[in-house]
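In what follows, a single structure is set out as structure tokens and then discussed.
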There are 2 protein chains.
Amino acid sequence: MPSPRPSSRKRPPDSAVHQRRTREQHAQERAQDYVEAIADLIAEHGEARATDLAKSLGVTHVTVIRTVQRLQREGLVKTQPYRSIFLTDSGRRLAMQAKARHDTVIAFLEAIGVSPKVARADAEGIEHHVSRETLAAFERFVAAQ
Amino acid sequence: MPSPRPSSRKRPPDSAVHQRRTREQHAQERAQDYVEAIADLIAEHGEARATDLAKSLGVTHVTVIRTVQRLQREGLVKTQPYRSIFLTDSGRRLAMQAKARHDTVIAFLEAIGVSPKVARADAEGIEHHVSRETLAAFERFVAAQ
DNA sequence: CCATATTTGTAGCATATGCTACATTTTTCC
DNA sequence: GGAAAAATGTAGCATATGCTACAAATATGG
């Protein structure tokens, strides 16, 4: 007869599945933040430089350079030494998706009465953890206001 | 006259402040997940063992052992070699706070029409990024249903 | 009581991401 | 045109957190 202990289950408990999913979301999070920040800088200034990205993201230029190199390996950005940073088609798509999610979360939080300032701050983290279903519920709610 | 470039500002841009806050939240996230999982195991089985934590969290027992050692250094848990894992008063308080936030986020998502299954999955990540103000808005919304 | 199974612990590997220090390159300004 | 400032790049440090492999300790069952 099966013991109530999680260790006796064949199927991982939901908590493990959820935790793993959250970690996978974290693994994508940095890339999304970077491509979104790059897209913002390009839209606002025509170009994205490491020094500006560093300021937007609150890290040193070293961290930016390292991470941009990784994103280039992953095909999300394109850059050359001492040149601006550009988004690839993949990177642009990811940036648009991330921004859309970001904006939806902000709109939703404001719709339930959260101040714009706090909504923007909280959205930064929340945006990476909302599933399609939750996002759709947020959109329905905002549309119904 | 101030330049529009972020690099000319004396005050870091909001984006940098938000990003930094999100990273700080991530730094706390693992500790909260662990103490919450430990509290759950103790409540359900009377004790928390590394092997059970590993299954709950979806990682190997090695990762659990390492992280529990860190949490012990941080005063959140107490354990000895080959013994069960216990929460300190600090750890217990953190677990309760984390669980309360977790439960509020789930209740709220369900209240806006998200299925329980998806609500639980999304709450896992969202719970770490909601400020007090946002949580209060969630609670008001749930109470008004 | 002992063999086997399970759990725990260590070693050493990996990636990610943060930093300081310093060197090199580019840009700016006089 | 050249000095100074700013930006970029590398080296090497750090922590966190994931893993496999293997060894040691404990628990279980016959």
Side-chain angles (χ1 to χ4, degrees), chain A residues 3 5-9 12 16-17 19-35 37-38 41 45 47-74 76-77 79-86 125 128, chain B residues 3 5-9 12 16-17 19-35 37-38 41 45 47-74 76-77 79-86 125 128:
Chain A
S3 152
R5 281 188 173 283
S7 57
S8 63
R9 287 181 189 175
V17 175
Q19 290 271 338
R20 205 168 281 149
R21 175 177 175 262
T22 302
R23 290 200 298 279
E24 280 161 15
Q25 287 166 339
H26 284 151
Q28 305 291 329
E29 191 161 326
R30 226 50 195 129
Q32 291 172 17
D33 289 341
Y34 270 67
V35 295
I38 292 167
L41 285 169
H45 301 294
E47 69 173 341
R49 302 182 305 161
T51 186
D52 297 321
L53 261 178
K55 289 184 175 61
S56 288
L57 297 163
V59 296
T60 69
H61 73 281
V62 187
T63 299
V64 166
I65 286 168
R66 175 106 52 78
T67 306
V68 162
Q69 283 170 344
R70 170 171 83 84
L71 298 183
Q72 173 146 278
R73 288 199 300 278
E74 292 178 10
L76 295 171
V77 308
T79 188
Q80 284 178 306
Y82 299 97
R83 290 288 185 272
S84 288
I85 299 157
F86 303 91
H128 300 289
Chain B
S3 155
R5 279 193 175 279
S7 57
S8 63
R9 286 184 190 175
V17 175
Q19 290 272 339
R20 205 168 282 145
R21 176 175 173 261
T22 302
R23 290 201 297 281
E24 281 161 12
Q25 287 165 339
H26 283 152
Q28 305 292 327
E29 190 161 324
R30 227 54 196 124
Q32 291 172 17
D33 289 343
Y34 270 66
V35 296
I38 291 167
L41 286 169
H45 302 295
E47 72 173 339
R49 303 181 306 160
T51 186
D52 298 321
L53 262 179
K55 290 185 173 61
S56 290
L57 296 164
V59 295
T60 68
H61 73 281
V62 186
T63 299
V64 166
I65 286 168
R66 175 106 51 77
T67 308
V68 163
Q69 282 168 346
R70 172 172 80 85
L71 298 182
Q72 174 147 278
R73 286 199 300 279
E74 292 177 10
L76 295 171
V77 308
T79 188
Q80 286 179 302
Y82 299 99
R83 289 289 185 271
S84 286
I85 299 158
F86 303 91
H128 300 290

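Hydrogens, waters and symmetry mates are skipped; everything else that's a heavy atom, side chains included, is used. In this text the structure is predicted, and so the values were computed from the model without any measurement.
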Practice task
Give a yes/no on whether any side-chain N or O of B:R70 is located under 4.0 angstrom from OP1 or OP2 of D:dT15.
Solution key: no
Problem - Distance, rounded to the nearest Å, where B:Q28 contributes CD and D:dA16 contributes C1' - result: 13 Å
Exercise for the section: For B:Y34 and D:dT17, give me the distance from atom OH to atom P, rounded to whole Å. Expected result: 7 Å
Practice task
Using the closest heavy atom to pick a nucleotide of DNA chain D for each, name whichever of B:P81 or A:Q69 lands nearer the 5' end.
Solution key: A:Q69
Exercise for the section: Quick one: closest heavy-atom pair of A:T79 and A:S84, and the distance? Expected result: OG1-O, 3.1 Å
Problem - Chi angles and distances behind the side-chain contact (heavy atoms from CB on, under 4.5 Å) call for A:H128, B:T22 - result: CA-CA 11 Å; A:H128 300 289; B:T22 302; 5.7 Å; no
Fill in the blank from the handout: Atom CZ of B:R73 and atom P of D:dT17 are separated, to the nearest Å, by 10 Å
Handout entry: Carboxylate-amine/guanidinium contact B:R30 B:D33, below 4.0 Å
Key = yes
Handout entry: C:dT8 OP1/OP2 closer than 4.0 Å to side-chain N/O of B:Q80
Key = no
Practice task
Supply the atom-to-atom distance A:L41 CG to A:T51 OG1, rounded to the nearest 0.5 angstrom.
Solution key: 10.5 Å
Fill in the blank from the handout: Nearest-nucleotide check on DNA chain D, A:V62 vs A:R20; residue mapping nearer the 5' end is A:V62
Practice task
Tell me which of A:A31 and B:I65 sits closer to the 5' end of DNA chain C, going by the nucleotide each one is nearest to.
Solution key: B:I65
Completion exercise
From CZ of B:R23 across to C1' of D:dT15 the rounded distance in Å is 14 Å
Exercise for the section: For D:dC19, take OP1 and OP2 only and decide whether either is under 4.0 Å from a side-chain N or O of B:R66. Expected result: no
Problem - Atom-pair distance (CG on B:D33; C1' on D:dG18), nearest Å - result: 15 Å
Exercise for the section: Please determine if a side-chain N or O atom of A:R30 lies less than 4.0 Å away from the OP1 or OP2 oxygen of C:dG18. Expected result: yes
Fill in the blank from the handout: Rounded to whole Å, the CD-C1' distance (B:E47 to C:dT6) equals 14 Å
Completion exercise
If one requires at least 3 consecutive Watson-Crick or G-U pairs with distances under 3.5 Å, the stems of DNA chain C turn out to be C:1-30 with D:1-30
Exercise for the section: Check whether any side-chain nitrogen or oxygen of A:R49 sits under 4.0 Å from OP1 or OP2 of D:dA7, and answer yes or no. Expected result: yes
Handout entry: B:T63 vs D:dG18: side-chain N/O to OP1/OP2 distance below 4.0 Å
Key = no
Practice task
Would you mind reporting whether B:R70 and B:R66 have side-chain heavy atoms less than 4.5 Å apart?
Solution key: no
Exercise for the section: Give a yes/no verdict on base stacking between D:dT8 and A:H61: centres under 5.5 Å, planes within less than 30° of parallel. Expected result: yes
Fill in the blank from the handout: Scanning both residues in full, the closest heavy-atom pair of A:Y34 with A:V68 reads CD2-CG2, 4.3 Å
Exercise for the section: Identify the two heavy atoms, one from B:L53 and one from B:A37, that lie closest to each other, and give their separation to 0.1 Å. Expected result: CD2-CB, 3.5 Å
Exercise for the section: Starting at CD1 of B:I38, measure out to CG of B:L71 and round the result to the nearest 0.5 Å. Expected result: 6.5 Å
Completion exercise
Whole-Å distance, B:Q19 CD to C:dA16 C1', equals 15 Å
Exercise for the section: Could you say whether A:G58 or B:R83 is positioned toward the 5' end of DNA chain C, judged by the nucleotide with the nearest heavy atom to each? Expected result: B:R83
Problem - Proximal nucleotide (of D:dA24, D:dT8, C:dG18) relative to the B:Y82 side chain - result: D:dA24
Problem - A:Q72 CD to D:dG9 C1', straight-line distance once rounded to whole Å - result: 14 Å
